[in-house]
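Indexing begins at 1, ligand by ligand and atom by atom, following the structure's order. None of the values given here were measured: they were computed from a predicted structure.
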Amino acid sequence: MESGRIEIPFEECNKQGWIFALANRLGHDMKTYARRYMKSKFVAQGKDFDYSYYQIASPSYSLDLVDEAELHEEGAKTDGISNDEAYWIGFFYKYFTLALSLSNEQAWEKIPFDRMRAFYAEYGAKSKDEAGAELSALLRRELTAAKPRVVLLATGGTIAGSASSADAVTGYRAGALGVDELLAAVPELKNVAEVRGETICAIDSKDMTDEIWLRLAACAGELLASDDVDGVVIAHGTDTLEETAYFLHLTVKSDKPLVLTGAMRPATALSADGPMNLLEAVRVAACKEAAGKGVLVVMDGEIHSARDVMKTRTLGVGAFSSPTFGCLGTVDAGAPVFYRTTARRHTTRSEFDAAALPRVDILYGYAGDDGTLVDTCVRAGAKGIVYAGMGNGSIPADAEKALAKAAAGGIAVVRASRTMSGAVVSAESSYESAGFIDADTLSPQKARVLLRFALGKTSDREELRRIFREY
Ligand code: ASP
C-alpha cells in the first residue's frame, strides 16, 4: 500500500453537511484532547510524547499541515504505525464517534486501538477505491440503522404558529400546525434520529395549566422509561417554556435527555427559527452527553438548564438566556458541546412527585407597595406567596408587615427578586424572624414552581429553607 494521502469517497457524507460539520468539530476537539491525553500517558511512562499518536487522533490536521515524509518516519519509529495506518485509524475513530454519538472522551474509553487496528487490517490491504466504497456503504448502513429514537411532544406555541403573511411575527395563531407538519418541515431530522411525534395540546403557552403540566410530566416520564426511547423533545410556546421546563426538571424521574424548544417567529415567517431550533433540540436529545443533566432548553444554538433559563426578550430570536450563570453549552456547527452542569438536585435526585399542587401566588414589588394585595392572595386560598422584591429581595415596610402577618398565619413567604439575576440571600433580621424564605438564584416564577412542590410535602419553615438551598 502506498503512503501519502488517502482519498476516501466522502460524497455521501458531503451531501449530508451535518456529518461533515460534526466531523470537523470532532477533528478540532480530538486534536486538543489527544494531545493532552496521549502526552500525559507517555510522560507518566517516562517516554517522550509520541508524535504518531497525535497524528492518529487528528488525521485532518496531520495530513494538511505535516510533512508526509516526516510523518511516515516518525510513525514508523514508534509502534510501527505507518502514515496510512494513522490516517485510517483516524478515519475509523471519526466514524465510530459519529455512528455511536460518542464524545471524544467516551470514544477514547470505549474504542480500543486494537479494534481500530482490526478494521485497518481488514480494509488497509485493499485498494483505496475498493476500501473507500466499502466503508462508505458501511457508514451509510450503520448511520441509518443505529440512530437514537426521539419522541417529539407538541404543545402548541409560536413554533407551530401560522400567520397570514410571511412578514408577520405577531398576530398569528399559536399551535396551528400539527406535530406531523412540524416534523415534515425539518427533513434533516432523519439524519440525526428516528423521530416520531405525539400531540399533548395545541395552546398558546400563556394558557398553560396544572392539568397539562401533570399530563406532560406523566407522558414524558413514561416515554423515557421505555427501552424504545432514547430522548424526548417538547415543542412549547416560549412565554411559559421556562416554567414547564423547571416543573419537569423537578418531577420527571429519568436520566435520559428531556429537551424543550420553541420559536420566536411563527412557522410561516421569513427566517422562521423553529425548524433549526427543533433540529438542534433533537440533536441534543439524541446525544449521550445530555444524559443526567436535568431538563434542558435548546434555543438559538444554546443549551440551557431548566433551572436557570429565562425568556429575557419580548420579540426577536435570541430571546433566551440564563442571566446568573450562563448556558450549559452550545450546538455550534451541529454538534452539542457541554461546558458545565447544574449542581442542584433535579430529575432522578428530586424528592418531588407530580401531584395536586397547592396555590402559590406571585406579588411584584414596587415603590409604594402598601401590601393590600397580600390579603387578596390569602383570601383566594394561597398557601404560599412569592414576593418579587427589589434588589436582594427587599420589601417595602407596609408590604413586609402584611407578609409577616400572612406568614404568622401559616402562609409560606418566599423572597425573590425582580432584578432577573443574582441570588437573594439573608438580609434584614426582621425577614428572618418573620420566617421568610430566600429564593436563592431562582426567578420568582421558578420559585413559585418549587414552592408549590415543597408545600405539597411540608409546611415546616426549616424544611422549606432546606429545599430552596438544595434545588
Ligand atoms: N405566545 C406564544 C406562546 O408562548 C409565544 C411563543 O411561543 O413564542 O405560546
Side-chain angles (χ1 to χ4, degrees), residues 152-186 197-217 219-220 232-249 258-282 284-285 295-304 306 308-323 327 331 362 420 443-446 448-449:
L152 172 67
L153 299 178
T155 65
T158 300
I159 191 166
S162 172
S164 53
S165 65
D167 60 352
V169 290
T170 58
Y172 51 85
R173 199 155 60 84
L177 263 58
V179 70
D180 291 337
E181 286 169 287
L182 284 181
L183 292 174
V186 194
E198 287 181 27
T199 302
I200 299 290
C201 58
I203 58 163
D204 185 316
S205 76
K206 69 182 172 56
D207 297 320
M208 185 50 73
T209 63
D210 281 4
E211 187 272 321
I212 299 174
W213 270 351
L214 293 170
R215 201 147 42 86
L216 199 50
C219 181
V232 167
V233 170
I234 299 172
H236 198 287
T238 58
D239 287 347
T240 58
L241 190 146
E242 68 209 60
E243 283 158 81
T244 301
Y246 192 52
F247 184 94
L248 300 170
H249 190 69
L258 175 52
V259 182
L260 278 80
T261 193
M264 292 298 291
R265 293 181 180 146
T268 46
L270 292 171
S271 303
D273 51 333
M276 185 57 105
N277 285 343
L278 181 55
L279 180 62
E280 292 184 338
V282 169
V284 173
V295 174
L296 301 170
V297 170
V298 173
M299 290 291 287
D300 204 29
E302 291 184 340
I303 310 168
H304 295 267
D308 306 329
V309 73
M310 270 180 112
K311 185 173 182 178
T312 47
R313 233 169 85 181
T314 54
L315 295 169
V317 295
F320 281 75
S321 59
S322 296
C327 64
V331 199
I362 299 176
M420 290 213 340
S443 66
Q445 53 273 33
K446 301 260 177 80
R448 173 179 178 267
V449 173

Say whether, by atom type as modelled, one donor and one acceptor occur between the side chain of [X] and the main chain of [Y] under 3.5 angstrom.
| X | Y | answer |
| --- | --- | --- |
| Glu242 | Met310 | no |
| His249 | Val295 | yes |
| Glu181 | Gly178 | yes |
| Thr261 | Ala235 | no |

**Message:** So if I only count non-hydrogen atoms and take anything under 4.0 Å from ligand 1, which residues does that give, chain by chain?
**Reply:** Gly157, Thr158, Tyr172, Asp204, Ser205, Gly237, Thr238, Asp239, Ala263
**Prompt:** Can you tell me if CZ on Arg173 sees more than 12 non-hydrogen neighbours from other groups inside 6.0 Å?
**Reply:** no
Indicate every side-chain donor-acceptor pair of residues 198-206 with a distance under 3.5 Å to a residue at least two apart or in another chain.
residue : atom : partner : partner atom : Å
Glu198  : OE2  : Arg196  : NH1          : 2.9
Asp204  : OD1  : Lys206  : N            : 3.2
Ser205  : OG   : Gly237  : O            : 3.4
Ser205  : OG   : Asp239  : N            : 3.3
Ser205  : OG   : Thr240  : N            : 3.1
Ser205  : OG   : Thr240  : OG1          : 3.2

